[in-house]
Amino acid sequence: MAYSDPFDSDYYEEEEIEQGTNEDLQSEAIQKIFEGLNPRQVEAVECLQGPLLIMAGAGSGKTRVLTCRIANLLAHGVAPWRILAITFTNKAANEMKTRAERMIGELAKSVWLSTFHSFCAKILRIEVDSVDGYNKNFVIYSMSDTKAVVRDCIRELNLDEKKFMDTQILSRISMAKNNLLDSKKYKEAVLFANNKSEYEWQVANVYELYEKRLLSLNAMDFDDLLMLTVRLFTDHQEILNKYQERFRYILVDEYQDTNEAQYQIMKLLAAKYENVCVVGDADQSIYGWRGADMRNILNFETDYPEATVIKLEQNYRSTKMILDAANAVIQHNKYRKPKELWTENGDGEKIIVFEALTGFYEAAKIVNEIADLKRNGFSYNDVALLYRINAQSRILEEGFVRAGIPYVIVGGLKFYDRMEIKNILAYLRLIYNLQDNMSLKRIINVPRRGIGLTTVAKLQDFAEKHDISIFEVISNAWLLNQVDVFPKTRQNLRMFSEFILNCRNMQDKLSVNKLISYILKNSGYMTELQTDSKPEDEARIENLEEFINVAKEFVSKSPEEATLDGFLNHISLISDLDVVEESEDRVSLMTVHSAKGLEFPVVFITGMEEGIFPHSRSLLREDQLEEERRACYVAITRAQKKLYITFADSRANFGGDTKASCNSRFLEEIPREYIDFYKQKTATKTSTPAFVHLVPRSSVKIEGLSKVSPKMRAKSNVMSMNTKKNKEKEKISANLSRNWQPGDRVNHKKWGDGIVLEVKGLGTERELRIKFLDKDVGIKTLSLMYAPITKVRE
DNA sequence: CCTCCCAAGGTTTTT
DNA sequence: CCTTGGGAGG
């Protein structure tokens, strides 16, 4: 390779390379870069010096512009290692890398392209000596790890675990860190707050302990990566200076989703040369709950008064119909800068809306429709199913399994959240970082070694008292003898610690994948899985084998980083989102958030119901509701040719409860003339539910898609009834089809016996007016779709 | 002191 | 539905 990366050596002496140096030499390459770009895009790609803000609407060729801009920098003779490009996901980073390579060749490989988090992890790993309290073997904790730490802290502080929930506290801590408040500053903030609450104070206490714990474990959480990097840069001018010199050209993608910490990192790095290009779209800011601050993009011009601003408003992705629908929805947001995307694409088809009776039928209908699409020349790869919450995926997934249509769930809880994967990772982490008590506790009895909770508790007590790690206790005979356990247990502990030390010695001799195999074989974990006859064990073994393959691939792909710490770094920062293989023909299922940055010819947005999308927890606050609307905007703009929106009249919750629902307000914000509306009229036993095409009688009114008052909405969100699973479901469909007459006697689960006074409505909207014998209950009108009633025989 | 079995309770979105 | 914690047996 022509350019080596002179990282810690001689790059200070590197001569200044200015724009245009190699223009003649590379003019052909440069010309190629600009091929097929529109004037605005050309402008963005040409503007290489100084601060640049690109406001890029959905589908406006943003990735292309960014890639071309990188290519153009390289073509102008900028050394690749002077370029830092930050993306939001690893997937986006990889995609950009591939595209840049295709355009400019090998050179692109040396561009530093990564997410904020992995960028910070790399920096911290290099500069760890200047980070207080951490040593070079620090590990990165994922959410489930940090959760366990927080739970321990809550318990230690004797707080009520019901009142102080781990997830809630953790999200507060995370928010604090993203705003660069360490526990000390957080505590001060709570103390000086006007309305200090007991809860906040306790959160501050948990935070304090949590911070201390992570430090003693030599572990960082995701937010630490950012916060500690900011601290590193602000406390050590010489280090900051080094990186400022190195990264002369900085690009930040998805700028609307940066939080305070990320903003500071960018700002600090760019402070000297101000060659910073940010790309984003405020309408696609959907990570506010994670501390992202739209003001970063809105205020860019204030931060950099010299900034060039370029707007990309031509959309190349979607049909006019889809784009107009998206525009119509997003216009309901009050807090936004006006902007309207346009396209030269054709009108396209109307948006198809399905109203199903239940989530089950919704899935069935979608699956049927996809089978039709397949027959009509679409491939499964063309289709994506989007949902607001992961919980929706199960019922959809079941539909695909029934229909035998191949699918893949992108992101969500998957591979790396599996018990067995977490266990093997815990082994690796402990081997790497002996201070990691959390990992130790996880695997000290996996496989079963006769080391129980009581023993672990004793060890932990002892370790804490002496301010050392648990591993230190068990690996030191003198210390271990002071802990009051049975001789047999002590022997087991000794064997365990010897095994870990033995693995530690192996790490230099074996490649990571071999090391994993070694651990699995010699720890006895594999044997336990093979001999225990639990039904899930077979799958566990397969997953572990898959994990070995992941490691193998990692080793062959980047042999220079193929050490244990390189692997751990890699693993803790990738997500399942990044491992999508595109070779097979299958439908993609994912959350709206995961879909950001992607596009598909056909998109289904599912569960378009109040309480789901927008989510019920966002209904009370306007800013959160607007964020939901932006998520909806993101979802709609993923579609290229065909857009389906589906919702159900009632939906099963996790327990088996059923909840009535009504269509999302966002659906009503799409002009009716863009919509083709189909509604399921009756429940069917077959898996091909019948839908009726409803033609609007007048242009203003579509049956069933009528405006619902906010009050009704609230009611519908709250309305929740107990039904006992399938039996109840069957009963409901029986109730719906029964020929009800006034005078029929019924029994209601909660309100007891009653007499039917009146029968109203048809199909799923059928209601009964019932007089209950219990005077306190009186006369009620109940919908047969949801009411837990049984007919009583005379 | 460890392990197995049963009940209860909990779901927004992710690096 | 799935994880987590408590209680009884071994």
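Since the model is a prediction, treat every value here as computed from it, not as a measurement. Just the heavy atoms: all of them, side chains too, but no hydrogens, waters or symmetry mates, feed the values below. So you know, we letter chains A, B, ... as the sequences are listed, proteins then strands, and number each from 1.
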What do you reckon, are the aromatic ring centroids of A:F119 and A:F247 less than 6.0 Å apart?
-> yes
Backbone N or O of A:S183 within a donor-acceptor pair of the A:E211 side chain at under 3.5 Å?
-> yes
Do A:E362 side-chain atoms and A:G607 backbone N/O form a donor-acceptor pair below 3.5 Å?
-> yes
Return the 5'-most residue of the pair A:T167, A:L226 with respect to DNA chain B, ranking by each residue's nearest nucleotide.
-> A:T167
Here the distance between atom C1' of B:dT14 and atom CG of A:D221, to the nearest Å, is 13 Å
Below 4.0 angstrom from OP1 or OP2 of B:dT14, is there any side-chain N or O of A:T591?
-> yes
Phosphate oxygens OP1/OP2 of C:dG5: is one of them under 4.0 Å from a side-chain N or O of A:R155?
-> yes
Could you check how far CZ of A:R151 sits from P of C:dT3, rounded to whole Å?
-> 13 Å
Think A:N259 has a side-chain N or O under 4.0 angstrom from the OP1 or OP2 of B:dT15?
-> no
Quick one: CG on A:D484 to CG on A:L459, what's the gap to the nearest 0.5 Å?
-> 11.0 Å
When the aromatic ring centroids of A:Y387 and A:F613 are compared, is their separation below 6.0 Å?
-> no
Is the distance from OP1 or OP2 of B:dT15 to the nearest side-chain N or O of A:N90 less than 4.0 Å?
-> no
Do the side-chain N or O atoms of A:N390 get closer than 4.0 angstrom to the phosphate oxygens (OP1, OP2) of B:dT14?
-> yes
Please check the phosphate of B:dC2 (OP1 and OP2 only) for any side-chain N or O of A:T454 closer than 4.0 Å.
-> yes
Counting side-chain heavy atoms from CB outward, which of B:dT14, C:dG5, B:dC1 is closest to A:K458?
-> B:dC1
Once you round it to whole Å, what is the distance between C1' of B:dT13 and CD of A:E627?
-> 8 Å
Return the value, rounded to whole Å, for the distance between atom CZ of A:F613 and atom P of B:dT12.
-> 16 Å
Interatomic distance where CE belongs to A:M590 and C1' belongs to B:dT12 [whole Å] = 17 Å
Picking from B:dC2, B:dT14, B:dT15, the nucleotide nearest the side-chain atoms of A:T455 would be B:dC2
Mapping A:R617 and A:T489 onto DNA chain B by nearest heavy atom, which one lands closer to the 5' end?
-> A:T489
So does A:W289 reach the base of B:dT13 with its side chain, donor to acceptor, closer than 3.5 Å?
-> yes
For atom CZ of A:R630 and atom C1' of B:dT12, their distance in whole Å = 15 Å
For this output row, return yes or no: ring centroids of A:F88 and A:Y287 closer than 6.0 angstrom.
-> yes
Closest to the side chain of A:T115, out of C:dG5, B:dT15, B:dT12, is B:dT15
Can you tell me the distance, in whole Å, between the CG atom of A:D160 and the P atom of C:dG5?
-> 14 Å
Could you state the atom-to-atom distance from CE of A:M165 to C1' of C:dG5 in whole Å?
-> 17 Å
Ignoring the backbone of A:F222, work out which of C:dG5, B:dT13, B:dT15 is nearest its side chain.
-> B:dT15
Answer with base, sugar-phosphate or nothing: what part of the nucleic acid does A:N445 contact at a heavy-atom distance below 4.0 Å?
-> sugar-phosphate
If only side-chain N and O atoms of A:S594 are considered, is one of them under 4.0 Å from the OP1 or OP2 phosphate oxygen of B:dT14?
-> yes
If you draw the axis of the six-membered ring of A:Y141, does the NZ or CZ of A:R429 fall within 45° of it and under 6.0 Å from the ring centre?
-> no
Check every strand shown and say whether A:F486 touches a base, only sugar-phosphate, or nothing at a heavy-atom separation below 4.0 Å.
-> sugar-phosphate
Given B:dC4, is OP1 or OP2 found less than 4.0 Å from the side-chain N or O atoms of A:R448?
-> yes
Whichever of A:M419 and A:R394 has its nearest DNA chain C nucleotide further upstream toward 5' = A:R394
So, does the side chain of A:H615 form a donor-acceptor pair with the base of B:dT12 at under 3.5 Å?
-> no
